[in-house]
Trainee: 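Before we start, here is the structure in question, set down as structure tokens.
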Amino acid sequence: MNKVNRGGLEGIVAGQTRLSTVGIDGVGLTYLGYSIEDLAAHAGFEEVAYLLLYGELPNANEFASFINRLKMKRGVPASLKTVLEQLPASSHPMDVLRTGCSALGALEPELQFEDQYRAAERLLSCMPSILVYWYQFQNSGRRIDVELDSETIAEHFLQMLQGHPPSELHRRALDVGLILYAEHEFNASTFTARIVASTLSDFHSAITAGIGALRGPLHGGANEAAMELIERFQDPETAEASLLEMLARKEKIMGFGHRVYKKCDPRSDIIQVWSRRLCEAEGEQHLYDVSERIEKVMRREKKMFPNLDFYSASAFQCLGIPTPMFTPLFVLSRITGWAAHIFEQRADNRLIRPSADYIGPTLRDWLPMDQRCILEQ
Ligand code: ACO
């Protein structure tokens, strides 16, 4: 069978990676040999970021120095602040991140590939600042200080957004969310970033392209679409009735299904526990109950399981994060996976340039313009 004809490159092995395994035997996720369950239970997001960027977990000295470097790189250049202030309040925050990343690439270009680690750390540290600086300026007219002394990226983001340090529950919940989103083999946005890197283009171009690919609702945008669905319903009964109608109309339910996992998405079980915990703590039990009922109906009617995006939606909502910031949060984490793949691609590069089966017209004669037939309107 010609595999290409199945469309979407399903099942096609398009290269090698040592960064993660996804869905071996239909289940399971590992980052450089560590299971996602262990990382979510024991690591902080910055340890996982270090693992992905540098290939090993950091020792105490390496970790302290990494945290320190990230803290020093949070500032947004004045000219970039001016750019952000020009972007309308109606912009989607993903447009802001895409623009911010591209602008930073012009202001602080990667001059040679040896700069790639510096560029990755800078983006990892600065992208939360870019996002929340724009958000606060457009929503409250305030030019916030982004160079806070918060210890972690989760704390930094929540403090800039909410104006106070987060509770331990919120900090850790977001930390786990970031760990789960960090890396996922040859998904659409990572593959996009690798294609750009394979042309020997610069780091910021590859990340900017990744952001563009992530934005769509079939990929990262699904967490926002899932929230829009969940918050439509006040109780599980209404949710079930509505969902059955949607399925009868053959609508896709965002946050369900996966190209690679066949039995479950291991990240979903982890974020579901956090969603339940947060919904209870924040008095938003109905959000969890509605989500759980949607899951039950999807399993019963379609034999489909939730992916990471589904329970992330209610978890992020309980953290007080506006829905349009959900996919941007995915970016703030996935920068690590994208960066690691760019490094890996560059270390053993060959231009990624597949072929296509031609299905267009056979060879035809050139016609001058006055001899071409006029199409009826
Ligand atoms: N709801 C209802 N039906 C679905 C869903 C869904 N979420 N997902 C797939 N199906 C159905 C399709 O309608 C199709 O049915 P058909 O064969 O009768 O036409 C069949 O399952 C196969 O679907 P495809 O879209 O071809 O499967 P593919 O492997 O290409 O898609 C994808 C995987 C894109 C994730 C898909 O399941 C989907 O669109 N899900 C919703 C979007 C989503 O949640 N994306 C997040 C992905 S995970 C992440 O980025 C963290």
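Treat the numbers as computed from the prediction; the structure is a model and nothing was measured. Every number for a ligand or one of its atoms is a count from 1 in the order of the listing. Position 1 is the first residue of the sequence; numbering continues from there.
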Trainee: Using a 4.0 Å cutoff against the non-hydrogen atoms of H219, which atoms of ligand 1 qualify?
Mentor: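 Counting atoms of ligand 1 from 1, those under 4.0 Å from H219 are 45 (N), 46 (C), 50 (O).
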Trainee: Would you indicate whether the side-chain heavy atoms of L57 and Y50 approach each other to under 4.5 Å?
Mentor: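 No; the side chains remain at least 4.5 Å from each other.
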Trainee: Quick one: does F310's side chain get under 4.5 Å of D265's, heavy atoms only?
Mentor: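 In short, these two side chains do not touch, never coming nearer than 4.5 Å.
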Trainee: Using heavy atoms and a threshold below 4.0 Å, how should the contact between K302 and ligand 1 be classified: side chain, backbone, both, or neither?
Mentor: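 Looking at K302 and ligand 1, just side chain atoms fall under 4.0 Å.
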Trainee: Between the main-chain N or O of F45 and the side-chain N or O of D175, is there a donor-acceptor pair closer than 3.5 Å?
Mentor: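 Such a contact is found between D175 side chain and F45 backbone.
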Trainee: So is E251 polar-close to ligand 1, meaning N/O to N/O under 3.5 Å?
Mentor: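 Between E251 and ligand 1 (N or O atoms, distance only) the closest approach is not under 3.5 Å.
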Trainee: Going by the order shown, which atoms of ligand 1 are within less than 4.0 Å of some heavy atom of A222?
Mentor: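 Heavy-atom distances to A222 below 4.0 Å select 43 (C), 44 (O), 45 (N), 46 (C).
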Trainee: Does P217 have a non-hydrogen atom less than 4.0 Å from ligand 1?
Mentor: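 Under 4.0 Å: yes for P217.
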Trainee: For atom 35 (C) of ligand 1, find the nearest protein heavy atom and state the residue, atom name and distance (0.1 Å precision).
Mentor: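 The closest one turns out to be G257 O, 3.8 Å.
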Trainee: Less than 4.0 Å between a side-chain N and a carboxylate O, is that true for R194 and E344?
Mentor: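 Salt bridge: yes.
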Trainee: By number and element, which atoms of ligand 1 are closer than 4.0 Å to a non-hydrogen atom of G255?
Mentor: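 In order of numbering, the contacting atoms are 43 (C), 44 (O).
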Trainee: Protein heavy-atom contact under 4.0 Å for atom 37 (O) of ligand 1?
Mentor: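 True for atom 37 (O) of ligand 1.
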Trainee: Heavy-atom distance from atom 3 (N) of ligand 1 to the protein below 4.0 Å?
Mentor: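 It does: a protein heavy atom is found less than 4.0 Å away from atom 3 (N) of ligand 1.
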Trainee: Do NZ/NE/NH1/NH2 and the carboxylate oxygens of R293 and E237 come within less than 4.0 Å?
Mentor: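 E237 and R293: salt-bridged.
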Trainee: What's the shortest distance from atom 1 (N) of ligand 1 to any protein heavy atom, and which residue and atom give it?
Mentor: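 Answer, as residue, atom name and distance: I253 N, 2.9 Å.
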Trainee: Answer whether the closest heavy-atom distance between the side chains of S312 and F326 falls below 4.5 Å.
Mentor: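 S312 does not reach F326 side chain to side chain.
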Trainee: For ligand 1, indicate whether the residue A225 contacts it via side chain, backbone, both or neither (heavy-atom separation under 4.0 Å).
Mentor: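 Looking at A225 and ligand 1, no heavy atom falls under 4.0 Å.
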Trainee: Could you find the nearest protein heavy atom to atom 51 (C) of ligand 1 and give me its residue, atom name and distance?
Mentor: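 Atom 51 (C) of ligand 1 sits closest to the protein heavy atom D309 OD2, 3.4 Å.
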Trainee: As a test of the contact definition, would atom 22 (C) of ligand 1 count as having a protein heavy-atom neighbour under 4.0 Å?
Mentor: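 No, there is none.
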Trainee: Short check: is a protein heavy atom less than 4.0 Å from atom 14 (C) of ligand 1?
Mentor: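 Given the 4.0 Å limit, the answer for atom 14 (C) of ligand 1 is no, no protein heavy atom qualifies.
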Trainee: Flag yes if more than 12 heavy atoms outside M246 fall under 6.0 Å of its CE atom; otherwise flag no.
Mentor: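 Counting neighbours around CE of M246, more than 12 heavy atoms of other residues, nucleotides or ligands fall under 6.0 Å, so yes.
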Trainee: Tell me whether L218 has any N or O atom under 3.5 angstrom from an N or O of ligand 1.
Mentor: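 The answer is yes, given that L218 and ligand 1 share an N or O pair closer than 3.5 Å.
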Trainee: Any nitrogen or oxygen of F256, side chain or backbone, less than 3.5 Å from one on ligand 1?
Mentor: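 Indeed, backbone or side chain, F256 has an N or O that close.
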Trainee: Please test S314 against S275 for side chain to side chain donor-acceptor pair (under 3.5 Å), starting from the C-alpha separation and ending with a verdict.
Mentor: CA-CA 6 Å; S314 47; S275 162; 2.8 Å; yes
Trainee: Heavy atom under 4.0 Å from ligand 1: found in E10's side chain, backbone, both, or neither?
Mentor: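 Neither part.
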Trainee: Share the residues that join I67 in a hydrophobic cluster, the rule being Ile, Leu, Val, Met, Phe, Trp or Tyr side chains under 4.5 Å apart at the heavy-atom level.
Mentor: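 So far as hydrophobic clustering goes, I67 is joined with F63.
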Trainee: What atoms in ligand 1 come closer than 4.0 Å to a heavy atom of M298?
Mentor: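 Answer for ligand 1: 1 (N).
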Trainee: Find the distance between CD (E121) and CG (L53) and round it off to the nearest 0.5 Å.
Mentor: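 One gets 7.0 Å once the value is rounded to the nearest 0.5 Å.
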Trainee: Atom 12 (C) of ligand 1: which of R334, M246, K252 has the nearest heavy atom?
Mentor: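 Closest candidate by heavy-atom distance is K252.
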Trainee: Just to confirm, does any protein heavy atom lie below 4.0 Å from atom 27 (O) of ligand 1?
Mentor: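 No, because not a single protein heavy atom sits under 4.0 Å from atom 27 (O) of ligand 1.
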Trainee: Counting heavy atoms only, which of E301, K303, R259 is nearest atom 33 (C) of ligand 1?
Mentor: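 It is R259 whose heavy atom sits nearest to atom 33 (C) of ligand 1.
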Trainee: Find the distance between CD1 (I153) and CG (L158) and round it off to the nearest 0.5 Å.
Mentor: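 Nearest 0.5 Å value for the CD1-CG distance: 12.0 Å.
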Trainee: Looking at atom 17 (O) of ligand 1, tell me if a protein heavy atom falls under 4.0 Å from it.
Mentor: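 It does not: no protein heavy atom is found less than 4.0 Å away from atom 17 (O) of ligand 1.
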Trainee: Salt bridge or not for R232 and E228, using N-O below 4.0 Å?
Mentor: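 Result for this pair is no, no salt bridge flagged.
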Trainee: Any side-chain donor paired with an acceptor under 3.5 Å for Y311 and E295?
Mentor: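 The answer is yes; a qualifying pair exists.
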Trainee: Identify which of M304, M254, R267 has a heavy atom lying nearest to atom 42 (C) of ligand 1.
Mentor: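 Shortest heavy-atom distance from atom 42 (C) of ligand 1: M254.
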Trainee: Is the distance between the ring centroids of F330 and H184 under 6.0 Å?
Mentor: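 Not under 6.0 Å, so no.
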